[in-house]
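Notes to accompany the following structure.
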There are 2 protein chains.
Amino acid sequence: MTLADQPPAAALVFQTLLQHGPLSRAELGRRTGLTPGAVTKAAASLMADAWIAEGGRPSTERTNGRPATLVAVRPERALFAGVKVTGEELIGVLADLTAKPLASHRVALDSRDVGSVVLAVARLVERLRVTADLPGEDALHGIGVTISGDVDSRLGTVQYSPFLDWRRVPLAQLVEEATGTPTVIENDVRALTVAEQWFGAGVGVSIFALVTVGAGIGAGLSIGGRVVSGAHGVAGEIGHLPVSGVERICTCGNTGCVEAVASTHAIAEQARQATGDPKLTMDDAVRLAHAGDPTVRAVFARAGHAVGLALACVANLIGPERIIISGEGVASYDLFADHIRQAFLDHAFGAAVDCDLLVRPLPFEEWARGGAAVAAQRVFAPTK
Amino acid sequence: MTLADQPPAAALVFQTLLQHGPLSRAELGRRTGLTPGAVTKAAASLMADAWIAEGGRPSTERTNGRPATLVAVRPERALFAGVKVTGEELIGVLADLTAKPLASHRVALDSRDVGSVVLAVARLVERLRVTADLPGEDALHGIGVTISGDVDSRLGTVQYSPFLDWRRVPLAQLVEEATGTPTVIENDVRALTVAEQWFGAGVGVSIFALVTVGAGIGAGLSIGGRVVSGAHGVAGEIGHLPVSGVERICTCGNTGCVEAVASTHAIAEQARQATGDPKLTMDDAVRLAHAGDPTVRAVFARAGHAVGLALACVANLIGPERIIISGEGVASYDLFADHIRQAFLDHAFGAAVDCDLLVRPLPFEEWARGGAAVAAQRVFAPTK
DNA sequence: TTGATTTACTTTCCAATGGAAAGGTAACGT
DNA sequence: ACGTTACCTTTCCATTGGAAAGTAAATCAA
């Protein structure tokens, strides 16, 4: 019996346990609105199929009444592979039901050709499987592949990937055929948002945005437990909000884009102009800024300002409870944190300033973890 | 038996009929995914309580098989009053279940004091009731009051209204006490969005935005059948997106806001500066622009550009299928239509340009109709 | 030790819901 | 007249989760 066959109440109980950890049946009833009897039945049904188990510390605090026995998800009940595809490499993780990485691996890509990428993905998944010493075929319940660009997860196709120069590639089907394991694909930022929604800083938050700052600048929006995909596959493109000045031209051909001044590439480029050193790298720029170089610091200030304006746009438009800031750029967050905050506070309208800005470092496997979360979601929250 | 007591399938059937007009049972089954038997039962249940009735042209096109008998909602089954409160006046309509206005009336406000506004609302509703010659007390099923600003519809309080200078006013409760009729309140733009979602250009559209251009510039977002309210009551504040230049200062104290260059007031102000005529009104500006005055036309061009950028922000962030442009400003839409479109097309990213821009004129009762739609929604789609 | 109290959990029973499947109905075409 | 087609209704039933009463395991008080 798979989780999809469980009655709605059981699915609800399972999801609550996934998000909030071990709970007593009584507490589950309170949180889900189910009656005690219904919880008992749902738990029995889930337990019969080994999705959950009794156990976990029975809360040290002593109270009156019969002590509670906790039930908890058995994360190892189903395992998933998550693979993030970039133009240069694959990042893969093997993760459990809660998208916790059990093993990870990176592979350089030597070709961006669809066939060889699919093959590389299949090899990477096989390698993860071997590394983790998985017993049989059925131990891996799904694969989630994530990729930046325009991804239609329902169709399972990559509509357009700028970094790989792919168009209308039925990637989910190809990987599924190459591996024999059910595969879903999703935009990388949306996948990360799914991971945060279920297992990260988005748990219990009705509306939040996840912003990634790095080579690109993007956002995922979660509203009422669903990640927004946009009618045409485009959503959360904060990198191209026209909020900065007209001076710099973005890769998209426009002026005013946030990415034109705040992407890793744009910052390095501006630092080169500011210093006159044509060989300056991003790392050099960070070093110079930390050393106090005023012109380079101004570059970071400007980037921070643009990001802050973008966050204000998000806050004014959808009014999130929280914005999670993440991405490679977070490593040098101290250099523009103040400018981000200031620009945000200045331009967030009314109660939108109450939005909580949260910075999260993003280890490299995190991206791949998003894929695992999307694959896992298929199992525990099949699309109604 | 009220609609809330109907089983879920019946509610679904009713909502489908509300949005798509008279349908055969077979067609209802196809659209809702219910089996024929379930539709028959749902329809019988709704018919027993007079929510729907058989009838309507049985589709002229001839086909094989037994001819279909259509069922349709009985819009007059429940009537609602919608009242829009501005700083100067009340606009009220009496509307049926489909938010179609049956009678309307405007009243000037002589005081912005909470008590007198509540009294005026109650009198207006009473007048509408008399005008329409409603039989008894129970003929009016609800009142929806809309107002611009920060409204918490769940609590029923106006958190902050700049035009009335109200804070934390429990308006729903006050109107309910004054009229004896169940009352809901909602932000005016969101209410309009609800009306469009159920009965207007938003029917069947999974994600859309409704943008109003006039004294203020705002937007309502509908995603997956729900209007976004924001965690702190703020959402759709496109009037304060920081996309225009730094020259003009907005009423909110910031620079760069769309409202600072594109609100009715801002356009008139800029036209006065451009012409040097301190008495110039908005109407004069429109006349001059139509007559070809280049400096005034430039003012409209700039306003259109700012609105277009704001629309691009909406498209890039949430990827709507459609953006409905409405508001008083639409009257002179021809003056900036091209600039809106151009700025939008330039800055919408990727497939976001596929978003459909639709202009809808907004008769004055339309605002109040939003209130009626919100009140009606309480009846046919009680919050789950 | 005993029993009251409190909270957690289980069991039994049942009403409601909507699907499956079969049957009835009203048109058309030949 | 008779088959065909599509619409609609009826009957029966499995599933679901609530209501309510009962059981379990702890603390507290006498």
Side-chain angles (χ1 to χ4, degrees), chain A residues 1-17 20 22-49 51-72 382 384, chain B residues 1-17 20 22-49 51-72 382 384:
Chain A
M1 191 192 215
T2 81
L3 193 45
D5 302 327
Q6 297 274 354
L12 189 58
V13 163
F14 191 74
Q15 289 168 18
T16 307
L17 284 175
H20 297 107
L23 293 172
S24 70
R25 282 166 241 253
E27 185 58 28
L28 277 168
R30 270 171 239 128
R31 300 211 190 191
T32 58
L34 294 168
T35 56
V39 175
T40 293
K41 269 180 285 190
S45 171
L46 289 167
M47 219 134 40
D49 207 29
W51 289 105
I52 64 174
E54 287 192 338
R57 297 302 132 261
S59 153
T60 49
E61 63 181 86
R62 47 178 47 207
T63 95
N64 268 2
R66 171 176 172 175
T69 54
L70 303 186
V71 288
K384 320 112 195 178
Chain B
M1 193 191 212
T2 80
L3 193 45
D5 303 327
Q6 297 275 354
L12 188 58
V13 164
F14 191 74
Q15 288 168 19
T16 307
L17 284 175
H20 301 285
L23 294 172
S24 70
R25 282 166 243 253
E27 184 57 28
L28 277 168
R30 268 171 243 127
R31 299 212 192 192
T32 59
L34 294 168
T35 56
V39 175
T40 294
K41 269 180 287 189
S45 172
L46 288 167
M47 219 134 42
D49 207 28
W51 289 106
I52 63 175
E54 286 191 338
R57 294 306 133 259
S59 153
T60 49
E61 64 179 84
R62 48 178 48 207
T63 96
N64 271 0
R66 172 177 172 176
T69 54
L70 303 186
V71 287
K384 317 113 196 175

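Numbered from 1 within each chain, the chains take letters A, B, ... in sequence-line order.
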Quiz item: When rounded to the nearest 0.5 angstrom, what is the spacing between CG in Leu70(A) and CG in Leu17(A)?
Solution: 9.5 Å

Quiz item: Where the side chain of Pro67(A) is defined as all heavy atoms beyond and including C-beta, which of dA26(D), dA8(C), dT27(D) is the nearest nucleotide?
Solution: dA26(D)

Quiz item: Among Leu34(B), Val71(B), Leu23(B), which one satisfies side chain to side chain contact (heavy atoms under 4.5 Å, CB included) with Val39(B)?
Solution: Leu34(B)

Practice problem: Report the distance from atom OG of Ser24(B) to atom CZ of Arg66(B), rounding to the nearest 0.5 Å. | Solution: 11.0 Å

Quiz item: Within this structure, what is the CG-to-P distance between Leu70(B) and dA27(C), rounded to whole angstrom?
Solution: 14 Å

Quiz item: Within less than 4.0 Å of OP1 or OP2 of dA8(C), is there a side-chain N or O belonging to Arg30(A)?
Solution: yes

Quiz prompt | Rounded distance [0.5 Å steps], NZ in Lys41(A) versus CG in Leu46(A) | solution = 13.5 Å

Self-check item: Between dG23(C) (P) and Arg66(B) (CZ): distance, integer Å
Solution: 17 Å

Quiz item: Please give, in whole Å, the distance from dG18(D) P to Leu12(A) CG?
Solution: 10 Å

Quiz prompt | Spacing between Ile52(A) atom CD1 and dC9(C) atom P, to the nearest angstrom | solution = 12 Å

Quiz prompt | d(CZ, Arg25(B); P, dC7(D)) in whole Å | solution = 12 Å

Exercise. Check the distance between dA6(D)'s P and Leu28(B)'s CG and give it to me in whole angstrom.
Key: 18 Å

Self-check item: Thr69(A) side-chain proximity, nearest of dA25(D), dC9(C), dC7(D)
Solution: dC9(C)

Quiz item: Can you check side-chain contact (heavy atoms from CB on, under 4.5 Å) on Arg25(A) and Val13(A), steps first, answer last?
Solution: CA-CA 9 Å; Arg25(A) 282 166 241 253; Val13(A) 163; over 6 Å; no

Exercise. Could you tell me whether a side-chain N or O of Thr16(B) sits under 3.5 Å from a main-chain N or O of Leu12(B), the two making a donor and an acceptor?
Key: yes

Self-check item: Listed nucleotide nearest any side-chain atom of Pro36(A), set dT10(C), dC8(D), dA8(C)
Solution: dT10(C)

Quiz item: What's the closest nucleotide to the Asn64(A) side chain, out of dT10(C), dT6(C), dA8(C)?
Solution: dT6(C)

Quick test: give all pairs of protein nitrogen or oxygen and nucleotides 11-17 of chain D nitrogen or oxygen below 3.5 Å, distance rounded to 0.1 Å.
unit_1	atom_1	unit_2	atom_2	d
dG17(D)	OP1	Ala9(A)	N	3.1
dG17(D)	N7	Lys41(A)	NZ	3.3

Self-check item: Ala10(A) to Ala42(A) - nearest heavy-atom pair and separation
Solution: CA-CB, 3.7 Å

